[in-house]
Structure formats: C-alpha cells, structure tokens
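Everything numeric here is computed off the predicted structure, so don't read it as measured data. Below, read A as the first sequence line, B as the second, and so on, with proteins coming before strands; counting in each chain starts at 1. What you see below is based on every heavy atom in this structure, not just the backbone, and it leaves out hydrogens, waters and symmetry mates.
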Protein chains: 2
Amino acid sequence: MRRSEIRDHLLDTALQLFNERGYHATGIDLIIAESGVAKTTLYRHFETKEDLILAALARRDEEDRVEMRSFVDQRTSDSFERLLATFDFLEESLKDKKFRGCIFVSAAGEHKDPANPVFRAAEMHKRLTVAYFEELAHAARFADPKRIAEEINLLHEGAMAVAQISRSYEPARQAKHLAGQLLAVAKRMEPVASRGDPAQTAGMPVTPFGA
Amino acid sequence: MRRSEIRDHLLDTALQLFNERGYHATGIDLIIAESGVAKTTLYRHFETKEDLILAALARRDEEDRVEMRSFVDQRTSDSFERLLATFDFLEESLKDKKFRGCIFVSAAGEHKDPANPVFRAAEMHKRLTVAYFEELAHAARFADPKRIAEEINLLHEGAMAVAQISRSYEPARQAKHLAGQLLAVAKRMEPVASRGDPAQTAGMPVTPFGA
DNA sequence: ATATAAAGATACAGATCTGAACCTTTTATC
DNA sequence: GATAAAAGGTTCAGATCTGTATCTTTATAT
C-alpha cells in the first residue's frame, strides 16, 4: 500500500468498525487486523486511540456535510424544496445496510462527559449541521430561520434514532412528511420586490407572471 | 444493608453509572465500589454483567412507562391533551441534571447487533412506548392512530437526541409545539353518538349538557 | 545507488476487565 | 440459640486492551 493512502485507509476501516461495533468495543488490534496495517504504523499516524477517533469523526463530519450539500444542491435549486430534500439525503443514508445509528450520537453516547473531546466533536458536527439548515431556511425566507433549522434538525435526529432501532428507512419519509406540514404553515418574509434577488427568483417558475 | 434491598440497590447504582458513563466504560469493579457491595454478592444476584444490564434496563423500562402513564393520567383526562402531555413528561426527564441521553438508545448504540439481547431490550422498550402512544391516539379518535403514534415517537426521539448533545430541555418544548401543530391537522374519526362511550365521555366537562 | 524515513512483524509492559475461588462474618429462620 | 443461607473481603486466573520497544524490510528521494 502506498504510504499516502495508509492514513485514509485506517480512517475508513476505523469508521466502519466504530459504526458496526461502537467505540469501546472496537479495539486497536481489530482495527489493524482489519486494515492489514502494522500496529507500529497506526501509532505513527495517530498518537492515541482517541486521536484516531477524533480524526475519524472529523473526516466523517466533513464528508457528511459536503455530501448532503451536493445531494441537495443537485436535486433542486428552490430553497424551500432544499429543506425537504435533506430528508431524501437522510433516507439514502438510512437505506445503507450498514446504518447503525448516527455515529456522532453514538460517539456522544459513549463519551458522555461534555468536556471530552469526542463529545465535543459530536457537538460541533451537530452545530454545523443545524447551521446548514438555518442557511437553507434563511434562503427560503422563513421569518425565524433559526427556529425552523432546529425543528428540521429535531426531525432528522428523531428519524435517525428511530431508524437505528427499528432498522427501517421509513422514519426518514415520515420525518419529511412532518417537515412538509410544518414548513407549509410557518411564517415567511414578504418577498422583496427588487429584481434579481436570488432568494426570490431561485426556484421560481420559468414564466413568472402567471402566463 | 437488608438482603432484599441489595438487588434493588445494585440496579439503582448500575443504572446511574450506565447513564453517566455508558455500558462498556462502567466496570463491575466500579459498580461494587459505588454500591458498597462485595463482588461475590453481585455475582450471586446476577450471573454476568450482561444479565445485570438486562435487569437494569427491564427495571427502567417498567419505571419509565409507569411514570409516564401516571404523570399523563393525572395531568388531564382528555386523550388529545394526553398525547401532548407526554412531552411535558419528557421535559421533566430532560430537566434532570443527570440526563445524558436515552439509556435505551445508548444501550442499542453500544450493542449494535440486532441479535444481541441488550439491543433487543432497547427495541422492546421502544415498541412498548409506541404502543402507549397508539393507545392514546386511538382513544383520541385519530383516524390513523398507528401513524400518529409513530410521529409522536419520532418527535420524542428527536428531542432526546438533541437534548443529549445540546444539554438543554428546550427540545422537549419544541417537540411539543410541533406535535400540537401536527395533531391539529390530523384526521379524526366522527364522534359516535352512542351514550357512555368511554372514548367520547372521557375528559368531558363534568356538566355535559352545556349547563 | 545510497541515505532516510516509514512500514511490517512481533513481543512485551502495565493496566483493566470479567468472573471464579476461598474463607470469614453477618443475618435470618427454625 | 443453632443452623443455613447470604454478604463481606480478598485473591487470583485468564483474557483483553492500549501503547512501547525492537528489529527487519520496503519504499522514497536525492
């Protein structure tokens, strides 16, 4: 294996094992056996197991949010619809046979001290995820984008928790349905009449004047 | 300590430690140190650590559901309001300084194999909880009580997951607010005009004829 | 091609964990 | 009060876990 690939390969293997078995239940020996890398090598790339966990979470955090953004972006350019499309992304995640619950929630569940770096990594991921929802809610001109973002997030978390135990992807559809109802009645800002406002024109029909 | 109390005391201590530190991170030695019970004694009451976990979860499952029922029952006798009152119970749970996430979700997160007895205990608890919601939704004459129950459950799970990481009880209020909106627009059965129907009379004013 | 850094392989130290063994002391029951 | 059962206290076996040490082999860079 080429040197530059080893770190990535270790993170991949570790993430897979953490997801399948949890953090405490996944020993260093299993990670090196599964990845085919010598123990010496692992410890040259990561000082401690905690460092490995943090690096794995950082990688997954980045991946997850980039993938969600790109999935959502290419599905629709309407901000309102984008909020709903996050649930389609979630559904795809849950459909993965290997889904065993949100790895950040599990990480926080196994490292419960709020001062623990692993807990804080999970916290940060959730913050950034909510920030993305808020960005979408703002673009969709909701009057209280922060609140909308928190509600969307609550539905995401609920769907993941239920899916983890029921082993079904239905919760993502249910959450999307609930989100649709909630967004439909939520207050939105008056559309401003300035031409070329992206928040206004994005996702609007091609023939804007009722044709 | 009186013999008959030891088992209960061990379960209390174990539950507290599992909640504060997780399952793998809580060793037998810590449990006996914290409870002041000899190791021999612990192993006379529980054959293995897994047995102790299962007994602890069984106890908490029973407690939780009984307490939720009694909380809800004494708050209101109207079935519709009872569905919403479950979120007030949830809020009280989250307000507990020691809340560190749903112990059943954590248990499933640390024992991810669906065949694992611990995972199945968590699964069973969630099933029974949803069954209670369905009972309430049925009594409130919702047209699709199963669906309503699953939606309520999803909101509960979402609130717990968010609360675990954000360390706030606000998610319970948000979830209640969302539930209120959803229930308000959900289809309900026509009230049947037969006298003495409990589903109809339960929670009605004491003076039923407009006085 | 040679020097340098990293990877492989393995053994080991030290801690920790579960569960059993062993014996003494307390408690409950007749 | 005697007897039996359970609790206390401690030690230990065996496994496992993290992280280090040591040495050999491979790859890379000049």
Student: May I have the distance from B:Leu30 (atom CG) to C:dA15 (atom C1'), rounded to whole angstrom?
Tutor: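 The distance from CG of B:Leu30 to C1' of C:dA15 comes to 16 Å, rounded to the nearest Å.
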
Student: Would you say the side chain of B:Leu30 lies within less than 4.5 Å of the side chain of B:Arg21, judging by non-hydrogen atoms?
Tutor: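 With C-beta onward as the side chain, the pair touches.
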
Student: What integer distance in Å separates B:Ile32:CD1 from D:dG9:C1'?
Tutor: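 Answer to the nearest Å: 10 Å.
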
Student: Determine, for A:Lys176 against A:Asp88, whether the closest basic-nitrogen to carboxylate-oxygen distance falls under 4.0 angstrom.
Tutor: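 Yes.
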
Student: What ring pair (Phe, Tyr, Trp, His ring centres under 6.0 Å) pairs are there with at least one residue in residues 51-74 of chain B, not counting sequence neighbours?
Tutor: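 Of all non-adjacent pairs touching residues 51-74 of chain B, those that pass ring pair (Phe, Tyr, Trp, His ring centres under 6.0 Å) are B:Phe71-B:Phe89.
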
Student: Just the atom pairs and distances: protein N or O near nucleotides 4-6 of chain D's N or O, under 3.5 Å.
Tutor:
| from | atom 1 | to | atom 2 | distance (Å) |
| --- | --- | --- | --- | --- |
| D:dA5 | N3 | B:Arg3 | NH2 | 3.3 |

Student: In whole Å, I'd like the distance from the CD1 atom of B:Ile31 to the C1' atom of C:dT16.
Tutor: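 Value for this atom pair: 14 Å.
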
Student: Between A:His9 and A:Ser35, is there a donor-acceptor pair closer than 3.5 Å when you use the side chain of the first and the backbone of the second?
Tutor: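 Checked: pair present.
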
Student: Could you tell me, to 10°, how much the axis swings from one end of the helix from C:dA1-D:dT30 to C:dC30-D:dG1 to the other, five pairs per end?
Tutor: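 Inter-axis angle at the ends, rounded: 30°.
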
Student: Could you go through nucleotides 17-22 of chain D and list every protein N or O atom that sits under 3.5 Å from one of its N or O atoms, giving the distance for each pair?
Tutor:
| from | atom 1 | to | atom 2 | distance (Å) |
| --- | --- | --- | --- | --- |
| D:dT18 | OP1 | A:Lys49 | NZ | 2.9 |
| D:dT18 | OP2 | A:Ile28 | N | 2.6 |
| D:dG19 | OP2 | A:Tyr43 | OH | 3.1 |
| D:dG19 | OP2 | A:Lys49 | N | 2.8 |
| D:dG19 | N7 | A:Lys39 | NZ | 3.3 |
| D:dG19 | O6 | A:Lys39 | NZ | 2.7 |

Student: Do A:Lys112 side-chain atoms and B:Arg100 backbone N/O form a donor-acceptor pair below 3.5 Å?
Tutor: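 Such a contact is found between A:Lys112 side chain and B:Arg100 backbone.
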
Student: May I have the distance from B:Phe46 (atom CZ) to C:dA20 (atom C1'), rounded to whole angstrom?
Tutor: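 Computing the B:Phe46:CZ to C:dA20:C1' distance gives 18 Å.
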
Student: By the definition salt bridge (charged side-chain N to carboxylate O under 4.0 Å, His left out), identify the one residue from A:Arg69, A:Lys146, A:Arg82 that meets it with A:Glu135.
Tutor: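 Looking at A:Arg69, A:Lys146, A:Arg82, the match for A:Glu135 under the salt bridge (charged side-chain N to carboxylate O under 4.0 Å, His left out) is A:Arg69.
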
Student: Going by ring pair (Phe, Tyr, Trp, His ring centres under 6.0 Å), name the pairs with one or both residues in residues 34-56 of chain B, residues two or more places apart or in two chains.
Tutor: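 As it turns out, there is no ring pair (Phe, Tyr, Trp, His ring centres under 6.0 Å) pair with a partner in residues 34-56 of chain B once direct neighbours are skipped.
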
Student: For B:Arg173, which residues count as a salt bridge (Lys or Arg N to Asp or Glu O under 4.0 Å) partner, sequence neighbours excluded?
Tutor: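 Partners of B:Arg173 by the salt bridge (Lys or Arg N to Asp or Glu O under 4.0 Å) criterion, ordered by chain and then number, come out as B:Glu91, B:Glu170.
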
Student: Thinking salt bridges, do B:Glu123 and A:Arg167 make one under a 4.0 Å N-O criterion?
Tutor: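 Salt bridge flag = yes for A:Arg167 with B:Glu123.
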
Student: Measure up the A:His24 and A:His111 rings against each other and bin them: parallel (under 30°), tilted (30 to 60°), perpendicular (over 60°).
Tutor: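 Answer is parallel, since the angle falls under 30°.
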
